[in-house]
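Note sheet for the following structure.
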Amino acid sequence: MSDKLIDSFGRVHNNLRISVTDRCNIRCFYCMPAENVEFMNRADLLSFEEIERFVRIVAPLGVNKLRLTGGEPLVRRDLHQLIEKLVCIDGISDVGLTTNGILFGEQAQQLFDAGLSRVNISLDALDADRFKEITRREGYEKVVESIHIAKEVGFDPVKVNAVSIRGMTEDQIVPFGQFARDTGVDVRFIEFMPLDADNAWERDKVLFASEIVECLTREIMPLVPLGEHDPSAPATDFQFEDGVGQVGFIASVSQPFCSNCNRFRITADGKLRNCLFSLEETDLKSMLRDGAEDSSIVDAVRTSITAKKEGHEINTAKFIQPDRPMYSIGG
Ligand code: SAM
Ligand code: SF4
């Protein structure tokens, strides 16, 4: 039998997303409640040693790509120390970070030196007032500064994640297209998904990738697909026709990419999830803390991957939004 983590639809899972905290220093409306967030107890968060052990267990199963996320991963103290441990594990070829950018500028060099290979900085608007409306916090200037610092420090590529929300971000499309052209940063537009804490998602609030392509084509110039598309990559990448500026689209709602999904996740409190939209979890924290052998943990991971559903069903009447919102899962 192959050591690889292959589900019942033949999908090979080599990509693990690790949430290191559910805490966050801003409050994006599509992710967290505005007030009174109940965070996990600190004692329930996996320690860096527990995360490292888990990665050492799954790396021989073909897991080679990791991404640290949250909540806001940079509010977890000394994150660079975790990166230093993870990059040394045999088989791990790539460790990335998704961050809201508020604290990134001040930690960028330390993270780069620790071996972080990729960074995605989330920013939904190129406008301080709109930023505040979406995030319910200040910090726009810090995020923009962090994007520039990421380039200066040497991260390549630097990607910006922008959630697209109908009625709210249409007027940001062209500025983001120009920003990609002016800065060399890859801007990726993400369709708003039903993972918000307020359960206020509606299909009508999703600004579709096709509409953004049409707008950029009309207002700036046509886009051409960029090279061979990696089928397991959620984003479809394009370049402006003149070769200046890249944009990508994560069309999770209008063009689901479940059939090529290679990801699984561990929450900050040690629950294994085989899908962002999964309704079931495997309690790995108890196993890691109760003295389970590595082989039992491998069995639990295989069982979870085998049980993975074919797709997320957002576009069907059967869809059920998970109890955990995005900040608690780890996006
Ligand atoms: N705090 C970090 C950040 O914002 O980059 C990392 C965690 S955040 C949950 C990861 C990504 O998920 C961000 O790019 C964020 O914009 C995106 N996200 C959160 N909720 C979302 C939703 N309901 N639909 C689409 N994307 C969402
Ligand atoms: Fe925080 Fe990221 Fe969620 Fe925004 S998307 S509230 S930055 S965890």
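Start at 1 and go down the list; that is how both ligands and their atoms are numbered.
- Between E72 and R23 there is no salt bridge, since no side-chain nitrogen of the basic residue lies less than 4.0 Å from a carboxylate oxygen of the acidic one.
- Salt bridge annotation for D171-R130: present, with a cationic side-chain nitrogen under 4.0 angstrom from a carboxylate oxygen.
- Each of L16, D294, L46 was compared with F54 under the side-chain contact (heavy atoms from CB on, under 4.5 Å) criterion, and only L16 meets it.
- The shortest N or O to N or O distance between N161 and ligand 1 is under 3.5 Å.
- Annotation: the span from D7 atom CG to I305 atom CD1 amounts to 7.5 Å, rounded to 0.5 Å.
- Among all non-hydrogen protein atoms, the one lying nearest atom 11 (C) of ligand 1 is T98 CG2, 4.2 Å.
- Surrounding NZ of K151 are more than 12 heavy atoms belonging to other residues, nucleotides or ligands, all under 6.0 Å away.
- At a 4.0 Å heavy-atom cut-off, ligand 1 does not touch N120 at all.
- Taking a cutoff of 4.0 Å between a charged side-chain nitrogen and a carboxylate oxygen, K271 and D269 qualify as a salt bridge.
- For atom 27 (C) of ligand 1, the nearest protein heavy atom (residue, atom name, distance) is M326 CE, 3.6 Å.
- Here the two rings, on F189 and F208, have centers that are 6.0 Å apart or farther.
- The atoms of ligand 1 that sit less than 4.0 Å from any heavy atom of G70 are 7 (C), 9 (C).
- When side chains are defined from C-beta on, Y30 counts as touching D124, because their heavy atoms get closer than 4.5 Å.
- The nearest protein heavy atom to atom 2 (Fe) of ligand 2 is not closer than 4.0 Å.
- Scanning all protein heavy atoms for the shortest distance to atom 2 (C) of ligand 1 gives E72 OE1, 3.4 Å.
- Scanning both residues, L279 and P322, for their nearest heavy atoms gives CD2-CA, 3.8 Å.
- Annotation for ligand 1: atoms under 4.0 Å from non-hydrogen atoms of F192 are 23 (N), 24 (N).
- Ranking protein heavy atoms by distance to atom 4 (O) of ligand 1, first place goes to S122 OG, 3.5 Å.
- The closest side-chain heavy-atom distance from I173 to T169 is not below 4.5 Å.
- R181 forms a cation-pi arrangement with F240, by the criterion of a distance under 6.0 Å to the ring centre and an angle within 45° of the ring axis.
- By the rule that hydrophobic residues join a cluster once side-chain heavy atoms approach within less than 4.5 Å of another member, L216 and L123 end up as members of one cluster.
- Below 3.5 Å of separation, one finds no N or O of T69 facing any N or O of ligand 1.
- Of all protein N/O/S atoms, those under 2.8 Å from atom 3 (Fe) of ligand 2 are C31 SG, and waters are not counted.
- Numbered from 1 in the order shown, with element, the atoms of ligand 1 that lie under 4.0 Å from a heavy atom of M193 read 22 (C), 23 (N), 24 (N), 25 (C), 26 (N).
- Counting heavy-atom neighbours within 6.0 Å of E106 CD, excluding the residue itself, gives a total above 12.
- With a 6.0 Å radius and a threshold of 12 heavy atoms from other residues, nucleotides or ligands, E280 has its CD atom at or below the threshold.
- Set against the non-hydrogen atoms of V163, the atoms of ligand 1 under 4.0 Å away are 16 (O), 26 (N), 27 (C).
- Assignment of Y327 to the shell around ligand 1 is not supported, since no heavy atom sits closer than 4.0 Å.
- In summary, the side chains of D283 and S286 do present a donor paired with an acceptor at a separation below 3.5 Å, with no hydrogens or angles considered.
- Regarding atom 21 (C) of ligand 1, its nearest protein heavy-atom neighbour is Y30 CD1, 3.5 Å.
- Interface atoms of ligand 1 facing C31, defined by a heavy-atom separation under 4.0 Å, are 20 (N).
- Of the candidates C24, C28, G71, the one placing a heavy atom closest to atom 1 (N) of ligand 1 is G71.
- Near E191, meaning under 4.0 Å from any of its heavy atoms, are these atoms of ligand 1: 25 (C).
- Ligand 1 has an N or O atom lying under 3.5 Å from an N or O atom of T99, backbone or side chain.
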